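Below is one structure, written out as structure tokens; the observations come after it.
On a predicted model such as this, the values are computed, not experimentally measured, just so you know. Within every chain, numbering begins at 1; the chains are lettered A, B, ... in the order of the sequence lines, protein sequences first and strands thereafter.
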There are 2 protein chains.
Amino acid sequence: MNRRSPNRPPTLEEVALRAGVGRGTASRVINGSLQVSEAARNAVLQAVQDLGYVPNRAARSLVTQHTDVVALVVSESEDRLFGEPFFAQVVRGVSSALAGTSRQLLLAVDHRDSDRQRLNDYLSKQHVDGVLLLSIHGDDPLPGQLAARGVPAVLGGRPHSAVTSLPFVDMDNAGGAALAVEHLVAGGRRCVATLTGPLDMGAGRLRLEGYTSALAGHALPTLVEHGDFSENSGRVGARRLLERAPDLDAIFCASDQMAIGALAELAAAGRRVPEDVAVVGFDDSPTSRHTTPSLTTVHQPVEDMGARMVQTLSRMIEHPGDPVEDVVLPTHLVVRRSG
Amino acid sequence: MNRRSPNRPPTLEEVALRAGVGRGTASRVINGSLQVSEAARNAVLQAVQDLGYVPNRAARSLVTQHTDVVALVVSESEDRLFGEPFFAQVVRGVSSALAGTSRQLLLAVDHRDSDRQRLNDYLSKQHVDGVLLLSIHGDDPLPGQLAARGVPAVLGGRPHSAVTSLPFVDMDNAGGAALAVEHLVAGGRRCVATLTGPLDMGAGRLRLEGYTSALAGHALPTLVEHGDFSENSGRVGARRLLERAPDLDAIFCASDQMAIGALAELAAAGRRVPEDVAVVGFDDSPTSRHTTPSLTTVHQPVEDMGARMVQTLSRMIEHPGDPVEDVVLPTHLVVRRSG
DNA sequence: CATCTCTGTGGGAGCGCTCCCAAAGGTGCG
DNA sequence: CGCACCTTTGGGAGCGCTCCCACAGAGATG
């Protein structure tokens with residue numbers, strides 16, 4: 001009995017033996033090398049079938065120095081990401097883009113409480129071939145560390161400050177915000193306020209920028225209140241806005257959640273939407289179709305973003321050293337009832 | 001220059017060398033063995049620090065025969081899972097439960113188009129320590145294959161037929177449905193219809209069961225129309241219901257999405273909700289708070305489900321052979337305006 | 001017919017780690 | 001002081017794979 005210990009899966013060696021070839025030849029067949037005779041190939045393929053052979057990834061990784069795994073790191077600090085479908089959409093884009101390749105998706109949720117050190121260690125070249133970074137806040141050191149360690153990585157969303165050399169894929173946040181403001185102005189609104197997102201995130205900052213510059217183009221005044229993308233901050237912000245400028249006739253909100261909060265606050269204050277005040281959101285989340293009134297909002301191609309991130313990352317992995325370009329995806333306005 | 005080839009990360013051997021100990025001792029320290037002298041331990045720890053050593057998982061897996069990775073397989077056939085926050089909530093529950101352990105989450109989206117064979121191969125003992133299965137339809141062979149191969153696995157949601165020996169974690173779907181019906185009946189409704197989910201899923205079947213048995217308890221007639229959890233199927237189903245029984249005064253929908261569709265159809269038909277017809281959904285999705293009128297619905301602890309799945313799986317991995325029990329999590333009714 | 005290709009092949013070396021065995025050193029007892 | 005027994009240690013073996021070198025044999029060339 002030279003059978004191996006308690007039913008371990010078959011090894012390449014066993015496949016080779018059964019096919020009557022050497023280990024090298026078997027390996028060549030498995031990896032699709034062309035330098036193999038028809039006969040040998042068939043024999044090996046047959047043996048693989050018979051034995052139900054599956055290559056051992058660990059062994060392969062050990063020698064090839066890559067793992068065929070890419071990590072998607074979600075810095076979920078606000079658990080906003082989970083409240084919104086945004087996250088799920090990115091995952092979907094990422095995973096369908098990955099489905100074409102042989103790479104697997106490792107999902108790493110970066111809970112602020114769990115020790116970051118371990119994540120950090122895990123994100124080395126030994127464990128993943130590349131990293132997708134989502135929703136990076138302020139001056140998170142992670143992107144820099146990855147860049148320094150030479151781990152291929154792509155940012156989802158433009159970083160707050162362009163300190164790192166990592167490429168990013170982002171929506172046209174400023175453009176989308178401008179679109180919203182233009183629509184409001186075209187509709188005759190003259191006192192257009194905004195509720196911003198967190199300014200330590202690119203999305204927050206750029207949506208404000210788009211708002212500001214669009215209004216500047218019309219020589220209209222700005223009215224800004226800061227929030228954090230959450231429904232509650234929308235409510236609070238709207239209240240303040242109403243106090244500061246009772247005559248405002250439009251609010252551009254940096255997220256649908258905030259718009260929902262604003263809608264509630266406006267209703268409580270007896271303002272009709274859109275007659276008295278127009279409201280426009282950002283994200284085109286599923287919920288935006290069911291608010292009262294339904295929400296005019298800026299649509300962003302979230303799923304595409306995930307896919308493009310994968311595309312960019314794949315290029316970085318396969319052609320290290322090649323220059324990579326940032327990607328900015330177009331947004332468009334979805335006009336519904338609120339403005 | 002006995003430096004190794006182009007800057008590979010440091011190995012255990014190098015750590016040992018620098019610490020002035022043997023490879024074995026270094027390994028013992030890294031893995032927290034107690035059989036090490038204080039001096040040796042400190043020396044190794046110091047060397048690890050200095051070198052920035054991170055153990056190579058592939059090498060370790062190769063010998064230990066486990067990977068510290070668990071896969072979450074999502075059979076996303078209907079892309080319903082991504083439309084709803086359900087999926088994101090499960091992921092959150094799973095990943096926070098995993099945060100306590102040293103295991104990583106591998107997310108495998110089982111697109112029906114991408115070849116299933118590869119997924120199947122990947123889900124062997126060589127690659128993952130265990131598998132979490134979500135949203136298994138009808139008689140998917142996957143659970144059986146995993147069970148046969150001896151890969152620890154846990155089902156999220158009771159399987160359609162109890163053919164496999166895999167344990168599951170589920171919500172109390174029948175109980176929740178009964179709760180909804182009881183509420184409707186207590187509110188004076190006498191013609192309570194239901195829009196079911198897909199009956200090849202446990203959730204679909206059991207919600208119908210709860211509905212049926214609750215009505216039976218009151219000797220009230222049933223009125224059933226089948227759907228697939230989607231908004232559109234809710235719309236279509238509601239229309240048919242209205243044709244079949246114009247005098248119906250309540251609809252219990254197997255999902256919030258379906259309830260939203262029903263709400264739209266009811267409005268189109270000129271029925272007032274809840275005056276003429278009461279509507280109750282299932283899921284307590286975020287959207288349910290913003291429908292018109294806001295939706296009474298059955299809340300299910302999705303996040304908890306993810307966590308319990310991890311718990312169960314961990315037990316199976318750590319104590320193979322031990323008996324494992326199915327888990328059924330309680331649901332409760334959230335009463336809003338629609339019924 | 002010798003030589004020089006070229007394709008196809010077998011198998012040694014070695015990836016970085018854990019396991020385990022044997023040996024070294026210390027302690028306590030008779 | 002010798003022996004048994006413990007703790008601590010070093011390092012060989014080997015996990016399953018790919019890489020690569022050497023070599024056999026078939027054809028092409030002089």
Mind jotting down which residue pairs meet the side chain to side chain donor-acceptor pair (under 3.5 Å) criterion with at least one end in [range]? Sequence neighbours excluded, please.
range	value
residues 312-326 of chain A	A/Arg103-A/Glu318
residues 145-158 of chain B	B/Asn120-B/Gln145, B/Asn120-B/Arg149
residues 124-133 of chain B	A/Asn56-B/Gln126, B/Thr67-B/Asp129

(request) Under the salt bridge (Lys or Arg N to Asp or Glu O under 4.0 Å) rule, collect the residues that match up with A/Asp68, sequence neighbours excluded. (result)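 Checked A/Asp68 against salt bridge (Lys or Arg N to Asp or Glu O under 4.0 Å); matches are A/Arg57.
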
(request) Output all residues satisfying salt bridge (Lys or Arg N to Asp or Glu O under 4.0 Å) with A/Arg18, sequence neighbours left out; order by chain, then residue number. (result)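 Expected list: A/Asp50.
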
(request) Describe, as an angle rounded to 10 degrees, how the axis at the first end of the helix from C/dC1-D/dG30 to C/dG30-D/dC1 is tilted relative to the axis at the last end, five pairs per end. (result) 50°

(request) Apply side chain to side chain donor-acceptor pair (under 3.5 Å) to B/Asp170 and list each qualifying residue two or more places apart in sequence or on a separate chain. (result) B/Asn173

(request) Hey, could you give me each pair passing salt bridge (Lys or Arg N to Asp or Glu O under 4.0 Å) that has a residue in residues 22-35 of chain B? Not counting sequence neighbours. (result)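 Salt bridge (Lys or Arg N to Asp or Glu O under 4.0 Å) check on residues 22-35 of chain B returns B/Glu13-B/Arg23.
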
Pairwise N/O distances under 3.5 Å, protein to nucleotides 4-6 of chain C:
none

(message) Quick check on contacts: within residues 51-67 of chain B, what sits under 4.0 Å from DNA chain C by heavy-atom distance?
(response) B/Tyr53, B/Pro55, B/Asn56, B/Ala59, B/Arg60, B/Leu62, B/Val63, B/Thr64

(message) Just to be sure I understand the geometry, which residues of residues 21-34 of chain B put a non-hydrogen atom under 4.0 Å away from DNA chain C?
(response)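 Those residues are B/Arg23, B/Ser27, B/Arg28, B/Asn31.
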
(message) Please enumerate all residues that pass side-chain contact (heavy atoms from CB on, under 4.5 Å) together with B/Glu38, with sequence neighbours excluded.
(response)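 Only B/Arg41, B/Asn42 meet the side-chain contact (heavy atoms from CB on, under 4.5 Å) criterion with B/Glu38.
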
